[in-house]
Amino acid sequence: MLALRSAPVGVVSSRPAFAGRIRAPKARVPSLLTPHATALPVEIKTVAPLGERVVVKVVEAEQKTQGGILLPSSAQKRPTQGEVVNAGTAKALKKGDKVVYSKYAGTEIELQSEDFVILKEDDVIGLINGDDIATLRPCQDRLLVEMQEAASKTAGGLLLTESSQEKPTIGRVVAVGPGRVEEESTEATPLGVEAGATVLYSKYSGTEFEGAEGKKYIVIREVDILALVT
């Protein structure tokens, strides 16, 4: 699972069953979308987004901790990963893409007893295959950055509690998006930062995730980068 540490959320994987394997029907997990999600009438079968919007089928939230403890609905992390089922006129997304999106973005709907979210293309953070956020391919002018660990001691050697540790704002760029496509253009403008660079970024920018082995990542936009550091 992709564990979100701050503003954005936990992301959970959805794995198809192997061909030929018979599985007992799975009971539906209660929706973790907000109480304001729109439940569409049963006679509605499909939703076609307008403009540069996409319809994403939401991945079910994890019901257990890594240690196997069942989580109550209130403690389950809100999903922010899903599969595009209708890409509308989106420029860089297509049906079948597995995506990660901003936690509070879009309009949530329930259609035929399944959860979906209608998103602007710009709300999609990146494309992903598997469970590890380190494999994310950022969209547009976004970058995936591995965060530098927060200092655990003061300059004088005093140990810092987790709550008093300064939030890191330096990290190594893991992957960069193709760039933003302006309204009057058909080509993306490449980013001025490359993978492997070490950057200083704005303190309260981006969306944070926890990847494999507890590594911390953040997805930011190019405008959030303050400087390159060496």
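Not counting sequence neighbours, Lys215 has no partner by the salt bridge (charged side-chain N to carboxylate O under 4.0 Å, His left out) test. Scanning for side-chain contact (heavy atoms from CB on, under 4.5 Å) contacts around Leu50 gives an empty result, with sequence neighbours left out. With sequence neighbours excluded, the residues forming a salt bridge (charged side-chain N to carboxylate O under 4.0 Å, His left out) with Lys94 are Asp97, listed by chain and number. Among residues two or more places apart in sequence or in another chain, the salt bridge (charged side-chain N to carboxylate O under 4.0 Å, His left out) test is passed with Arg53 by none. Contacts of Glu146 classified as side chain to side chain donor-acceptor pair (under 3.5 Å), with partners at least two apart in sequence or in another chain: Arg172.
Residue Glu213 places its CD atom among 12 or fewer non-hydrogen atoms of other residues, nucleotides or ligands, all under 6.0 Å distant.
Within the structure, no pair that satisfies the side chain to side chain donor-acceptor pair (under 3.5 Å) test touches residues 188-200, not counting sequence neighbours. Evaluation of the salt bridge (Lys or Arg N to Asp or Glu O under 4.0 Å) test over residues 80-93, restricted to residues two or more places apart or in two chains, returns Glu52-Lys91, Glu83-Lys98.
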Please output the side-chain donor-acceptor pairs of residues 220-230 that fall under 3.5 Å, not counting sequence neighbours, one pair per line with the distance.
{"residue": "Arg221", "atom": "NH1", "partner": "Asp141", "partner atom": "OD1", "Å": "2.5"}
{"residue": "Arg221", "atom": "NH2", "partner": "Asp122", "partner atom": "OD1", "Å": "2.9"}
{"residue": "Arg221", "atom": "NH2", "partner": "Asp122", "partner atom": "OD2", "Å": "3.0"}
{"residue": "Glu222", "atom": "OE2", "partner": "Gly192", "partner atom": "N", "Å": "2.6"}
{"residue": "Asp224", "atom": "OD2", "partner": "Arg221", "partner atom": "N", "Å": "3.0"}

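Scanning both residues, Gly179 and Ala188, for their nearest heavy atoms gives O-CB, 3.5 Å. Shortest non-hydrogen contact noted between Asn86 and Val47 is ND2-O, 3.6 Å. For the residue pair Cys139 and Leu93, the shortest heavy atom distance occurs at SG-CD2, 4.4 Å. Considering every non-hydrogen atom in both Ile128 and Asp132, the closest pair reads CD1-O, 3.6 Å. The two residues Val174 and Ala134 come nearest to each other via the heavy atoms CG1-O, 4.1 Å.
Between Thr89 and Glu121, the closest side-chain pair of non-hydrogen atoms is not below 4.5 Å. Side-chain contact between Val58 and Tyr101 is present, with at least one heavy-atom pair separated by less than 4.5 Å. With contacts defined as side-chain heavy-atom distances shorter than 4.5 Å, the pair Leu136/Tyr217 does not qualify. The shortest distance between side-chain heavy atoms of Pro138 and Leu143 does not fall below 4.5 Å.
Although no hydrogens or angles enter the test, the distance criterion places no donor-acceptor pair under 3.5 Å between the side chain of Thr169 and the main chain of Lys203. Proximity of a side-chain donor or acceptor of Arg142 to a complementary backbone N or O of Val124 within less than 3.5 Å is detected. Listed for the Gln112 side chain is a donor-acceptor partner under 3.5 Å among the backbone atoms of Ile44. Lys216 places a side-chain N or O within 3.5 Å of a backbone atom of Gly214 that can act as its donor or acceptor partner.
With Val145 as the fixed residue, the side chain to side chain contact (heavy atoms under 4.5 Å, CB included) test singles out one of Val176, Ile218, Ile170, Val219: Ile218.
Residues Val42 and Ile109 are members of separate hydrophobic clusters, defined by side-chain heavy-atom contacts under 4.5 angstrom among Ile, Leu, Val, Met, Phe, Trp and Tyr.
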